[in-house]
Amino acid sequence: MNYNFREIEAKWQRIWREDQTFRAAADEKRPKYYCLEMFPYPSGSGLHVGHLKNYVPTDAFCRFKSMQGYNVLHPMGWDAFGQPAENEAIRRNRNPRAMVPEYAAAYRETLVQAGCSYDWQREINSSLPEYYKWTQWMFLLLHRQGLAYRATAPINWCPACKTGLANEEVRDGRCWRCDAPVEKKPMPQWFFRITAYADRLLADLEKLDWSEGMKEMQRDWIGRSEGAEVDFAVAGSRESIRVFTTRPDTLFGATFIVLAPEHPLVPVVTSAERRSEVEAYVRKAQGESEIDRLSAERAKTGVFTGAGAVNPVNGETIPVWIADYVLMGYGTGAIMCVPGHDERDFAFARKFGLPVLQVVSRDGSCYDLQAAEPAEGIAVNSGRWSGLPTAEFTKAVTAWLQEKGLGRPTVNYRLRDWLISRQRYWGAPIPIVHCPACGEVPVPEAQLPVLLPDVENYHPTGTGESPLAAIPEFVRTVCPKCSGPARRETDTMGGYACSSWYFLRFTDPGNAKAFASRQALDYWLPVDQYTGGIEHARSHLLYARFWTKVLFDEGLLGFEEPFLNLRNQGSLLALTPGRRPRAQEEGREDEKIIDWVVLKHDEREKYPADQIIWRWARMSKSKGNVVTPEDIIGRFGADSLRVYEMFVAPFEDNVQWSEEGIQGSHRFVARAWRWLQAARPLYRQDWRDSLPAEFSPEAGYAAAPTNSIEQGAKGGPAECRVRRKLHQTLQKVGAQIESFQFNTALAAIMELLNAIYAYAPLEKESLPPASDAAIVSELAETLVLLLAPFAPHLAEESWQQLGFATTVYRAPWPAFNPAVAASDSVNVMVQVNGKIRDKVIVPLDCDEETVKAEALRSAKTRQSIEGKQVLKMIFVKNKMLSIVCK
RNA sequence: GCCGAGGUGGUGUAAUUGGUAGACACGCAAGCUUGAGGUGCUUGUGGGCAUUUGCCUGUAGGGGUUCGAGUCCCCUCCUCGGCACCA
């Protein structure tokens, strides 16, 4: 009777492991279902209850799919290469090579304890040679396709992590891992040409069943804009400045040109007398951090180059300036400025006394512009195009420019190429050899993997070189082409390279001949259900889509989008101690710390308690606010924790973690257990054959006399009511798990359990003697099946107790019987002039005349319409009778 | 500023196509049981008035459509997430 969850949970975790219950193997007889969670990177010392906010519901979903008859692939692995793991190793003064397996083991242990049904035979670790061999192989594939290239460019440099970062790894001008302000540093680096796929990455979003917010984030990041390139001849020179504009209709209003400080034409066009000032400005701009440079609402700065440029539409010469608000990386790095119709240009013109000209009008007339008017309208002051609406003008002038060879329509993307080089130790070495004679030579496939050497010092050097550069045995090699002496590339790949294809490897993790066999890929992929944090909206999800498309183009995959369906779990928030920032920390542009700083571990003890400010913050090891599952599991059991994590809020929502509610979930689980124990003596597996006829709809119970109006339609005998509730619950729960509404699915099961207790309450740990064995059997058996996705240990133990020899996850998810689930009577509301005054209980699908008659017989209804004239009645079957009167 | 998601009891939250607002839990209160380290059961619990039946009011605020609005439309306010000098 006692609910000994410790014993039960340990027992089933052992059986699942020994029997390999969740092992997935290709099986043509069953439809496959690939359900995947984003694999975690090992940082901090373990998984916390926040991680389980994703893993537990997704696990319930997998168990449900398995009961539905799907051949479920549910794998887990470790995103073990990259900065998070390496930073953690440095912090703990451990070698990542030794640390990562320990962390992985601890993570695995926690997931096992939480009762998650992974196929551990397929566990992968991206930092092992058998895995990163194929990461390197894919690099070479990209290289062969011209999609991996080396270039010297100003990159995002994190001075704290001492490495380059991709744009996607920079948040608010800060490093994604350590929050240090990012600098610009020109360096030779490896890039992946993701921009070549910008249009497809954008267009194929339409095919995906992702949240609108998620798709919008990707659209924003790709940032497509249509416009035109226009060439402005530099006065007195053969050079011309190419600008990109989305508003070629405002060409007549261009009163100056601005180049980005890094623009190659700057030194060329600058006049001798302006040179020193221009050079000083360029130097200053280079030294500025991304944060400074990108902070909005910042006063405009810039200098005049002394040059002039000729506007192709009217032949007028306008001055050429440089300013840091123009970015070299976007468009052509040069803009034509139309202060009349662009706010930034307006601010710049005001500051430097440049002319403002109106060329677009709301109504076709000219008026004084008090501010920039960026809206579309009717062209004015635009020569022969005056009077045209914006859209037409844009078309006409673009065509004219193209004809004259002065411009052309263009599409621009905000997306930049993906910087993959890291000057760090803990990553997959880039498989390239630099040969003085042959240049850049890819390592032949047969020589893969290029092993990451085991070293003493793996710390970043800070010189801009990878620690690998300091290992002569690694660097010195021979050229695969000419066999002459050569040196290896010493940069490693950023962690996102590993996570861009891991979902492929899970289908065939042991394959030594290919990243996965085509057969396995074709059978399992694409991923049917993907879950993970929204923080990967731009980075990982964009990269993985890009690699998939590359592999598809190469003919290696039969699909173009890896994750058809994506759901983002909400986070758990924990009450976190913080403090007001100190004087030297104030005034920073970063809003996140403007009035609150998380107290560091060592500060927490010393800080005066009355000055601590508590706030809800996302659980993370770095904030020191995590709750570990082991503790909760020890006190309440894994099944209770699972139920709580799913019941507390919708999957997608953030939740403020509190332990108050877990008691309620535990109460529910234990209550189910107690009833099932009491039901055992009555249980018989052949209950279907012995179900009393009067309790089944086939025997016509729906027409029983209790159903009539006269009887007040209590809904039939108790047996019928509890069966109805059971089958209604089945219908609800199935649909709700399918749509990831675990919280309401659990609420429905709780309702059912309440109904079961009302039908057969426990008396001294047993059921009432008069209980019908067949009904009790149906209730017990079905309850176990309903609970199986949520409380798996309890379900397996109960299933075994009922006499079943095989796992409950091979049992079919119970089908609901619509005839049993159907209500025999309904409440029909009686509304008088829009207010509910009464209700009548009538048989299901009762016709209008009967309901009317029934309603008018009721004293309450008659009282409400007394002395009034009934104008009309509106009848909605099974729902409402609305009486309008005066 | 732009884009996206939201705003419902003391709390977490629930309400197919507009049709009984607050299911299910937490908390709280009372009672019974148990026994006394988070036990179980029953009842009550949006607000106000009346307390036997009842009446009024209520889903951020304001307007609208409708027999009927948490749900649809318009405006305002607020919260969260993302983007932001992108030409």
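Numbered from 1 within each chain, the chains take letters A, B, ... in sequence-line order.
- Using P as the reference atom, A69(B) and U57(B) are 13 Å apart when rounded to the nearest Å.
- Per the geometry, CZ belonging to R538(A) stands 12 Å off C1' belonging to C3(B), to the nearest Å.
- The side-chain hydrogen bond (donor to acceptor under 3.5 Å, both in side chains) check on W321(A) picks up nothing, with sequence neighbours excluded.
- Distance N568(A) CG to C80(B) P: 20 Å, rounded to the nearest Å.
- Taking OG of S658(A) as the start and CG of L573(A) as the end, the distance is 12.0 Å to the nearest 0.5 Å.
- Nucleotides U53(B) and U65(B), compared at atom P, are 38 Å apart to the nearest Å.
- Between R408(A) and D231(A) there is a salt bridge, since at least one side-chain N of the basic residue sits less than 4.0 Å from a carboxylate O of the acidic one.
- For the pair D249(A) CG and A87(B) P, the computed distance is 14 Å after rounding to whole Å.
- We find that CD1 of I335(A) is positioned 13 Å from P of C85(B), with the value rounded to whole Å.
- Put simply, CZ on R219(A) is 19 Å from P on C2(B), counting in whole angstrom units.
- Between E262(A) and K184(A) there is no salt bridge, since no side-chain nitrogen of the basic residue lies less than 4.0 Å from a carboxylate oxygen of the acidic one.
- Note that CD of Q656(A) and OG of S571(A) are 12.0 Å apart. Values are rounded to the nearest 0.5 Å.
- The phosphate of U57(B) has OP1 or OP2 within less than 4.0 Å of a side-chain N or O from K835(A).
- Proximity note for E212(A) (side chain, C-beta onward) versus A87(B), G81(B), G4(B): the nearest is G4(B).
- C2(B) sits 50 Å from C55(B) when the C1' atoms are compared, rounded to a whole Å.
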Pairing string, 5' to 3', for RNA chain B - Watson-Crick or wobble contacts under 3.5 Å, brackets [ ] where pairs cross, | to another strand: (((((((..(((......[....)))((((((.......))))))((((....))))..(((((..]....))))))))))))....

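- Residues passing the side-chain hydrogen bond (donor to acceptor under 3.5 Å, both in side chains) test with D631(A), sequence neighbours excluded: R635(A).
- Comparing the C1' positions of U42(B) and A50(B) gives an interatomic distance of 27 Å, to the nearest angstrom.
- The C1' atoms of U59(B) and G9(B) are separated by 10 Å, rounded to the nearest whole Å.
- If you measure from atom CD of Q218(A) to atom C1' of G81(B), you get 16 Å, rounded to the nearest angstrom.
- Looking at heavy-atom distances under 4.0 Å, R224(A) makes no contact with the nucleic acid at all.
- Here G834(A) lies in heavy-atom contact (under 4.0 Å) with sugar-phosphate atoms only.
- Between R642(A) and E645(A), none of the side-chain N atoms (NZ, or NE/NH1/NH2) sits under 4.0 Å from a carboxylate O, so this pair counts as no salt bridge.
- Put simply, NZ on K215(A) is 12 Å from P on A5(B), counting in whole angstrom units.
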Letter per nucleotide, 5' to 3', of nucleotides 11-34 of chain B [B base touched, S only sugar-phosphate touched, - untouched; heavy atoms, 4.0 Å]: -BSSS-B-BBS-BBSSS-------

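- Nucleotides C77(B) and G61(B) are separated by 15 Å at their P atoms, to the nearest Å.
- Heavy-atom distances to RNA chain B give each of V832(A) and R837(A) a nearest nucleotide, and the one nearer the 5′ end belongs to R837(A).
- At the phosphate of U39(B), neither OP1 nor OP2 sits under 4.0 Å from any side-chain N or O atom of R674(A).
- One finds a salt bridge joining R219(A) and E212(A) here, because a Lys/Arg side-chain nitrogen approaches an Asp/Glu carboxylate oxygen to under 4.0 Å.
- Nucleotides G18(B) and C24(B) place their C1' atoms 24 Å apart, quoted to the nearest Å.
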For residues 333-340 of chain A, please give each side-chain donor-acceptor pair under 3.5 Å, one per line with the distance, not counting sequence neighbours.
none

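- To the nearest whole angstrom, the two C1' atoms, one in U8(B) and one in G46(B), are 10 Å apart.
- Taking the syn range as angles within 90° of 0, the glycosidic angle of G12(B) is outside it, so the base is anti.
- For the pair I222(A) CD1 and G82(B) P, the computed distance is 19 Å after rounding to whole Å.
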Which donor-acceptor pairs under 3.5 Å do side chains of residues 726-733 of chain A form with protein atoms, sequence neighbours excluded?
{"residue": "H727(A)", "atom": "ND1", "partner": "N817(A)", "partner atom": "N", "Å": "2.9"}
{"residue": "H727(A)", "atom": "NE2", "partner": "E778(A)", "partner atom": "OE2", "Å": "2.9"}
{"residue": "Q728(A)", "atom": "NE2", "partner": "A821(A)", "partner atom": "O", "Å": "2.9"}
{"residue": "T729(A)", "atom": "OG1", "partner": "K725(A)", "partner atom": "O", "Å": "2.6"}

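- The nearest heavy atom of RNA chain B to Y757(A) and to E659(A) marks one nucleotide each, and the one closer to the 5' end goes with E659(A).
- Side chain of V884(A), nearest nucleotide from C85(B), C67(B), G4(B): C67(B).
- Under the 30°/60° scheme for interplanar angles, the aromatic rings of F348(A) and Y325(A) are found to be tilted.
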